[in-house]
Number of protein chains: 2
Amino acid sequence: MNKYNHPGVPYFQHVSEHCIHYMSIDGVIFGFSENQLKVLLLRWKGTDEWSLPGGFIYKLESVDAAAGRIVQERTGLNQLYLKQFHVFGDANRYDQADTWQRTKMPLEGIKWSERTISIGYYALVNYSKVTPMPDLITDECRWWNIQDLPRLLFDHNHIIEVALHSLRRELNEQPLNHLLPDPFTIPELQRLHECILGTALDSRNFYKKMLASGQLERLPERRSGTSHKAPYLYRFQETQSGEILPEPGT
Amino acid sequence: MNKYNHPGVPYFQHVSEHCIHYMSIDGVIFGFSENQLKVLLLRWKGTDEWSLPGGFIYKLESVDAAAGRIVQERTGLNQLYLKQFHVFGDANRYDQADTWQRTKMPLEGIKWSERTISIGYYALVNYSKVTPMPDLITDECRWWNIQDLPRLLFDHNHIIEVALHSLRRELNEQPLNHLLPDPFTIPELQRLHECILGTALDSRNFYKKMLASGQLERLPERRSGTSHKAPYLYRFQETQSGEILPEPGT
DNA sequence: CCAAAAGTGTTGGCTATACACCCATGA
DNA sequence: TCATGGGTGTATAGCCAACACTTTTGG
């Protein structure tokens, strides 16, 4: 592949014509599997360099819709939970020369703005329902454990850190069921909390807290098949009030 | 004033040439005076229509820097606390035809993008140090009580609501001293909390909580001049570490 | 019967809330 | 001396953290 046939060139030409310049969206797609919190990353064509999935906003497209489209294209999901968490707007967010060299993209074909302001969204998705799909300029799309990330392109390591910290802060208000099988067990929910918080939790206290919240509905069945006591299955109750704005601080 | 001499036309021409299209910044500048939480608003030239102060991002300017510049230009402050709180990115955030008609701006001179994505920042400033200054396209800049706002241009009523809810949520982590005189008294701090939260607080519990936080330093002087007991003056300690500091002597 | 994980209560400390009176000041 | 708001303590309730054993299951 050389500069004359790299598929990024027509892609960026399309973007340059139809999308808002100087802006992008980056998506931190969280999944949960094998007791690990994971994020979906892309490997750029012909390289060993990874980045977050991202994309651009069409001139008349809502920003939330653009984020949804971008995440949907990489995961195949038509139902997902998305949350805008931060704008990365430094004039020098990353070393541009170094980054574009690492991507092996032909700079003259893809550089359509001197800098990019990126709106960060995180998504909570059901790992088992995702079909990771690379895009035009990437060869591979797959999950990485959040503790074991490579050095990413752009400032994407930083963006993931900020996303994780946001998720941590907002843990109790977020619909974590999007990250779990449906239905799920309390131990699964506990391990998810532990992964997000990075700390161990006491199972007795965790049970009490979850059951006392009144948000969980115990199903008649249990999850069997393991060589130990079968746990009960639960579901979050759908009683989400129509409240749009957050409640006064705690 | 007619369409041929409206100062907005050269202003928007300048912006169109040097700033990032499709993007703006809106600033919710909070001040506190006479036991009221206030925001700084601008009245558009030749109208009775008010809006938030806002502006645009130069092509190579950091977004935070642009927000700082915008707030500084309306307040004259060179020191202030700024926090990015939300991006308003709906494709149809407000009724464009109606809004631009209300501004009495000559549409053909100022419409340089079909829609605008706005990054919301709130600022916490010291009311008594602000010199409100209108800009090129406004006649008047002044404080309004947050409970008593007029119907604003664009979706700015909504933006203020979201800003206030964000501030409420983040109250305990924000440096509220920026909103108060330096030094301040505990009753002043309490009334500020009450304005932000919209609820009354018990003074005994509030004293206990503030003093127990270890963040406050009691000064030897008191604030005198009122016809009642002179309150002690306090300052926030500059040590932002999580250290627990010794309590002030009784 | 063993290994592995599920499920369950009690206690103590800390934090938040409710509540009322005296004090200092200037007019 | 009065009106006004400042400054303080105590008792209760709810929440969170610490802590260990029994149960169930498949192999």
Side-chain angles (χ1 to χ4, degrees), chain A residues 32-36 168-169 171-173 180-181 183-195 197-235 247-250, chain B residues 32-36 168-169 171-173 180-181 183-235 242 244-245 247-250:
Chain A
F32 183 65
S33 174
E34 299 164 319
N35 294 341
Q36 295 278 337
R168 235 172 238 174
R169 267 158 71 80
L171 219 190
N172 295 309
E173 293 94 56
L180 292 168
F184 55 87
T185 68
I186 302 275
E188 284 167 350
L189 182 59
Q190 181 181 343
R191 284 189 292 265
L192 174 57
H193 276 248
E194 289 173 334
C195 279
L197 295 173
T199 60
L201 297 172
D202 180 275
S203 64
R204 287 160 292 189
N205 294 332
F206 189 80
Y207 267 81
K208 255 179 305 179
K209 190 173 162 183
M210 288 301 116
L211 297 183
S213 77
Q215 296 292 107
L216 291 179
E217 177 187 8
R218 184 191 274 192
L219 304 183
E221 320 94 66
R222 297 166 169 232
R223 172 157 298 156
S224 57
T226 52
S227 79
H228 50 78
K229 192 171 179 177
Y232 291 103
L233 289 168
Y234 289 83
R235 215 168 247 159
E247 301 255 317
T250 49
Chain B
F32 184 65
S33 174
E34 300 164 317
N35 295 341
Q36 295 278 338
R168 238 172 235 175
R169 259 152 62 89
L171 220 189
N172 296 309
E173 293 95 56
L180 292 168
F184 56 87
T185 68
I186 302 276
E188 286 166 349
L189 182 60
Q190 182 181 341
R191 285 190 290 264
L192 174 57
H193 276 248
E194 288 174 335
C195 280
I196 294 172
L197 295 173
T199 61
L201 299 172
D202 180 276
S203 63
R204 289 158 292 189
N205 294 332
F206 189 80
Y207 268 82
K208 256 181 304 180
K209 190 173 160 183
M210 288 301 115
L211 298 183
S213 78
Q215 295 293 107
L216 291 178
E217 177 187 9
R218 183 190 276 190
L219 304 184
E221 319 96 65
R222 295 163 172 237
R223 170 158 299 155
S224 57
T226 53
S227 79
H228 51 76
K229 191 169 178 178
Y232 292 102
L233 289 168
Y234 289 82
R235 216 168 246 158
I244 295 164
L245 294 156
E247 301 207 351
T250 46

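Proteins get letters first, then strands, A, B, ... in listed order; numbering begins at 1 in each.
Here the CD-CG distance, from B:E194 to B:L201, works out to 4.5 Å after rounding to the nearest 0.5 Å. A distance of 12.0 Å separates NZ in A:K209 from CG in A:L216, rounded to the nearest 0.5 Å.
Regarding B:L233, its CG atom lies at a distance of 12 Å from the P atom of D:dG6, rounded to whole Å. Rounded to whole Å, the distance from CZ on A:R204 to P on D:dA17 is 13 Å. A straight line from CD of B:E188 to C1' of D:dG5 spans 13 Å, rounded to a whole angstrom. Straight-line distance from the CZ atom of A:R191 to the P atom of C:dG7: 11 Å, rounded to whole Å. Whole-Å rounding puts the B:F206 CZ to C:dA16 C1' distance at 14 Å. We find that CG of A:L201 is positioned 11 Å from P of D:dA18, with the value rounded to whole Å. Note: CG (A:L211) to C1' (C:dG9) measures 13 Å, nearest angstrom. To the nearest angstrom, P of D:dG6 lies 12 Å from OH of B:Y234.
The shortest distance between side-chain heavy atoms of A:Y234 and A:L211 falls below 4.5 Å. Taking 4.5 Å as the limit, some side-chain heavy atom of A:R191 sits within range of a side-chain heavy atom of A:P187. Side-chain contact between A:F32 and A:P181 is absent, with no heavy atoms from C-beta onward closer than 4.5 Å. For the pair B:E173 and A:R169, the minimum side-chain heavy-atom distance is below 4.5 Å. Taking the side chain as every heavy atom from C-beta outward, B:I196 and B:H193 never approach each other to under 4.5 Å. When side chains are defined from C-beta on, A:Y232 does not count as touching A:I186, because their heavy atoms never get closer than 4.5 Å.
Note on A:Y207: every side-chain N or O is 4.0 Å or more away from OP1 and OP2 of C:dT8.
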Which atom pairs link the protein and nucleotides 10-14 of chain D when you take only N or O atoms and keep those under 3.5 Å?
residue	atom	partner	partner atom	Å
D:dT10	O4	B:K208	NZ	2.6

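Pairing each heavy atom of A:D202 with each of A:R204, the nearest pair is OD1-N, 3.0 Å.
In the region residues 222-231 of chain B, proximity to DNA chain D at under 4.0 angstrom, judged on heavy atoms, holds for B:S227, B:H228, B:K229, B:A230, B:P231.
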